[in-house]
Structure formats: C-alpha cells, structure tokens
2 protein chains.
Amino acid sequence: MTDPASPRYAPLYQQIKTLLVRRLASNEWPPGSALPSEIALAQGYNVSQGTVRKALTAMEKEHLVERRQGRGTFAARHSQQRSLFQFFHLMSDANERQLPDSRVISCRSGTATAAERNALTLEAGTPVTRIRRVRQLDGRPVISESLTVPTTLFPGLESRPLEQVPNTLYEFFEAEYGVMIVHATERLRATAATTTEAELLGVDIGTPLLAIDRLALNIENRPVEWRESCCHTAHHYYFNELD
Amino acid sequence: MTDPASPRYAPLYQQIKTLLVRRLASNEWPPGSALPSEIALAQGYNVSQGTVRKALTAMEKEHLVERRQGRGTFAARHSQQRSLFQFFHLMSDANERQLPDSRVISCRSGTATAAERNALTLEAGTPVTRIRRVRQLDGRPVISESLTVPTTLFPGLESRPLEQVPNTLYEFFEAEYGVMIVHATERLRATAATTTEAELLGVDIGTPLLAIDRLALNIENRPVEWRESCCHTAHHYYFNELD
DNA sequence: GAGTGGTCTAGACCACCCC
DNA sequence: GGGTGGTCTAGACCACTCG
C-alpha cells in the first residue's frame, strides 16, 4: 500500500525545472544573463533536449526566464515593461497604460505591527521598512500608496534620501538587493477617502477610492512586500482579463 | 521583397488549432462530448500526433477543451466550477469562494442605448434584452447587477418568468442557446451607492461600492454580454492573481 | 486488455541572430 | 557559417480509465 496522498511519480521535466529554478534562485545566472543552451543543459542533466525544453517552457510561463529564437535563454529581468504589464493594472479612460511617477513622503524603519506580521508571516519584533508615497498619472495624483518590507532583506533602504527611492521598486529590489518579485496576489475593495488620503489625492473626504491590498512573493514563493494602494478612479480604472 | 508586416509563416500546430476551433465553434462537438482521439485527429489532418497534441494543449489553456488521461479530450462545458474560478472573483473575508444566489428584478427587451451599442458593437436600433438582479452571499445582498445581451442571440429570454431565469447564466446560455462565453475583460472602479443601489443592497446612500464593468466574449472573440455589477465590499473582496 | 492522454527520446529541418 | 531556440516527426513506454 502506498500513501494515496503522496505523489505517485514526478515527471522528469518537473524535476529538471525544480533544479533549474533552484540554480536561478541561487543567483547562478543573474537577471539578464544567458543560461546555457538547451543542448548543453540536456547533456548536463543527461536527458533529452525536449525534456529541458519543456522545463524551460514552464519557467517562461512564470516569467522566470525569457527565450529569444536565435539568441538564447536569459534569466528574467524586472523591466519597466514587466512592471507595467504584470503588476500595474490601472488604465486611463482613454485605455492607455502608463507607469505613474512617484513622490515619496516617507521611508522609515520600525517594528512590524500585527497586521504586517500576519501579511508577511514575520515573528514578533521583526524590523520592517515602510515607504509612503503618492503616485501621479498625467500630472494628477491618483494613488496613495503605503508599503512594508522586512528590513533584513533590504538593509540601508530606510536611510536613503527620499529623492533616491526609485519609482519602479521591483526593478530596484532586484538590481540592488537581488530580491526578485515574480508573483503577487491582490485584494480589492471600495473604501471612503480618509482625511489623509483626501489631502494627498486632492479629493473630498469620503470620496470612494479603490483600495488594493497586494502581497508580493519572490521566486521561492515567500512573501516579500505588503502594499496598500488607494486609487482615485475618476479618470482611471483597474483592468483585469479573465482567461 | 515580402511585406514585413505579413506573417512570414504559420506553424502547423497553429493551423491545426484554427481548424479545430472552427469545428468546435460550429458545434460539431457539443459541450461535454468527446473529441476524436489524438491519433485519429492526427491521421485526419495527416500530421503527427505531437502536432495535434500541441494544438490541443493550447486549446486547453484557453478552456476550450478538457483532457483527462485515460479518458479522452472533451469539448469544454460551462460548469459551476468554471463560473466560480474563471468568472467570479469575489471572496469572503474568511477567504472562501462561493457562488451567490440571485433574485431577478426584471428581464425585458428594448432598443440598445448608445452605451450598449458601443460596448457590444451593435448597429443603431438593435434589440437587446436586459436583466437586473441582486445577488446574495451568505444571505446578505452583496451585488447589484445589470446586464445586456443582443436579443437575436437569446430569443425568448425576455418572456421567461423571473423565477425561471437561472442563477449561473453562462451555463444557461451555453445549454439553451449554444452561446459559449470563453473570455471576458473587466474594468473596476470605486463608486458611491445611488439611491437604487443603496436600497437594493441595504446600505446608506453614498456608501463606496466596487463597480465591475464586464464585457464577455464568445469563442470567436465577439462581444456577447455587457454587465455592470456594483459590489458591497464590507465583507467581501475582489481577488486577483498577478502572474 | 484495449484505448486514451502524458512523458521521453532522437533526429531532422526551419527561422532567427550575430559574427 | 555556426549557434540558438522553434517546429515536426516517429516511435517507445508510462499512467490512467473502463469494461
């Protein structure tokens, strides 16, 4: 009798994928660098090219690698393009996607609150760094944003001058700290603008805002960033494709 | 000189996929029925099994067919499961997904408004059928919903008794009218409850609501249904996965 | 046991990129 | 021209389902 809940067998290409992801996570191939060719990898693992190919195809679907015909396979880089299409879902009424500018209000360290510990699964007393900023689209303040990361993962972040906190954070996290955000979940609600939000966004208190609660995960599926964004949806909307 | 904008070449498996989708759209294989085996299809098109397999894999990703090892490949059926996971994104604060009940308020025909013509790309004067309903979760009214479909696609819908307008409409559209909803886009905004919405949802006028504007497309990517849902997000949230 | 989809292999050829 | 990923084939074997 075998345990019916245990996996009966694991396809080779999944095992290969696991091994490749592990090497990727260990930074053996830094973002943007080329992986060995499919044939070389296949020889290394002593499997056929088709098996490696299937593993890479799965990894490409998860945005872990990029492949270009005639060039090779590359460790994914967190480009602005990717921030825009994978992570930023606000579009203007004219159906244009555009990355917002940021005005950083504060960037400080502290001790994780219960809510932060819960979201990021941290121990009591863990130090965290918090960023507050307002993001603008077409010159209008549209998003009031507040995010938390564990300080240990991003040392020194809290002591940067506010002007030197970059706009596209995930690109920065990757380049500066080797932390790759590859996946996220979002929870959306309608809320009423608080006094602070009203002031930051230039709207009346109580104006309906779209609150986005995001948890961002790294390549090992560990929570890395918790973010709350309050969006003024008078001239923009949150776009989602159901497929 | 070839036109650089024209496709240089089309992979075989894509051509096969196009042919299979066409046969599926023509109702040659009604929802739930079995397609011929991969080997039979391959012989029919005079290609290898691997090529048919690649076409079917792509179709499975688009929820057009379901494949089960040892059983066969089946034309996709619009199950409640699918309504729940692909199309219904509200979850309770306890992180439970559950399909809502519906109380139909009205179901009538009329002439398409400018907004409806625009959303569904209809000609002026086209008859449409509109349904208004309130949807409940855990006994609480949570969604005020209003949707429009072209009458020609769903004849007789407008003259059904209100109690006989089914809860899971996409399942019904498919079973009764042969219209398969396979894809949709949603636009989300925060709005303030109008008098009507406040009454239907049992909230105060001006309460922030999550407005979801959905356009649902059929297998040929033609717009079929336009739906506006106003959700009370005090005890539920809209869930989205970014990958 | 017969039939189905799923995996794996090996090899050929094609489209693309860069030197 | 040589290297890369992308397609296509043919055949073997495995895992699952059903009668």
Side-chain angles (χ1 to χ4, degrees), chain A residues 1-21 23-24 29 32-77, chain B residues 1-21 23-24 29 32-77:
Chain A
M1 269 308 252
T2 59
D3 179 358
S6 76
R8 312 289 178 95
Y9 91 113
L12 235 192
Y13 72 88
Q14 279 183 18
Q15 302 176 38
I16 302 293
K17 185 193 156 201
T18 305
L19 295 173
L20 288 172
V21 169
R23 291 172 75 177
L24 210 49
W29 302 302
S33 68
L35 272 64
S37 76
E38 296 179 349
I39 293 176
L41 287 171
Q43 288 172 342
Y45 289 118
N46 209 3
V47 298
S48 81
Q49 184 185 4
T51 301
V52 167
R53 168 178 293 282
K54 228 180 158 181
L56 288 174
T57 302
M59 292 169 70
E60 188 182 31
K61 232 177 34 198
E62 300 174 35
H63 303 104
L64 300 181
V65 296
E66 287 178 15
R67 300 154 98 192
R68 267 171 292 173
Q69 186 173 131
R71 303 264 333 261
T73 302
F74 301 84
R77 191 199 291 280
Chain B
M1 273 305 255
T2 59
D3 178 358
S6 76
R8 314 286 177 97
Y9 93 113
L12 234 193
Y13 73 87
Q14 279 184 19
Q15 302 176 38
I16 302 293
K17 186 194 157 200
T18 306
L19 296 173
L20 288 172
V21 169
R23 291 171 75 177
L24 209 51
W29 302 301
S33 67
L35 271 66
S37 75
E38 295 178 349
I39 294 176
L41 287 170
Q43 288 172 342
Y45 289 119
N46 209 4
V47 298
S48 80
Q49 185 186 5
T51 302
V52 168
R53 167 178 294 281
K54 226 181 160 181
L56 288 174
T57 301
M59 291 168 70
E60 188 182 32
K61 232 178 31 197
E62 300 176 34
H63 303 104
L64 300 180
V65 296
E66 287 178 15
R67 300 154 99 192
R68 266 171 291 173
Q69 185 173 134
R71 304 262 333 258
T73 302
F74 302 84
R77 191 200 290 282

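Per chain, numbering begins at 1; letters A, B, ... match sequence-line order.
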Practice problem: With sequence neighbours excluded, tell me which residues meet salt bridge (charged side-chain N to carboxylate O under 4.0 Å, His left out) with A/R23. | Solution: A/E28
Exercise. Check salt bridge (charged side-chain N to carboxylate O under 4.0 Å, His left out) between A/K17 and all other residues, then give those that pass, not counting sequence neighbours.
Key: A/E62
Could you tabulate the donor-acceptor pairs under 3.5 Å formed by side-chain atoms of residues 63-71 of chain B, not counting sequence neighbours?
from, atom 1, to, atom 2, distance (Å)
B/R67, NH1, B/T57, OG1, 3.0
B/R67, NH2, B/E38, OE2, 2.8

Quick test: give all pairs of protein nitrogen or oxygen and nucleotides 1-3 of chain C nitrogen or oxygen below 3.5 Å, distance rounded to 0.1 Å.
from, atom 1, to, atom 2, distance (Å)
C/dG3, N2, B/G70, O, 3.0

Quiz item: For the helix from C/dG1-D/dC18 to C/dC18-D/dG1, how many degrees between its two end axes (five pairs per end), to the nearest 10°?
Solution: 10°
Exercise. Round to a whole Å and report the spacing from CD of B/Q14 to P of D/dG6.
Key: 13 Å
Quiz item: Is the distance from OP1 or OP2 of C/dT9 to the nearest side-chain N or O of A/T51 less than 4.0 Å?
Solution: yes
Practice problem: Quick one: closest heavy-atom pair of A/A55 and A/L20, and the distance? | Solution: CB-CD1, 4.3 Å
Quiz item: Hey, does A/M59 have a side-chain heavy atom less than 4.5 Å from the side chain of A/L24?
Solution: yes
Exercise. Would you jot down, in residue-number order, the residues of residues 52-63 of chain B having a non-hydrogen atom under 4.0 Å from DNA chain C?
Key: B/R53
Practice problem: Return the value, rounded to whole Å, for the distance between atom CG of A/N46 and atom C1' of C/dT9. | Solution: 12 Å
Quiz item: Can you check the A/L12 CG to D/dA15 C1' distance for me, whole Å?
Solution: 15 Å
Quiz item: Does OP1 or OP2 of D/dG6 have a side-chain N or O of A/R67 closer than 4.0 Å?
Solution: yes
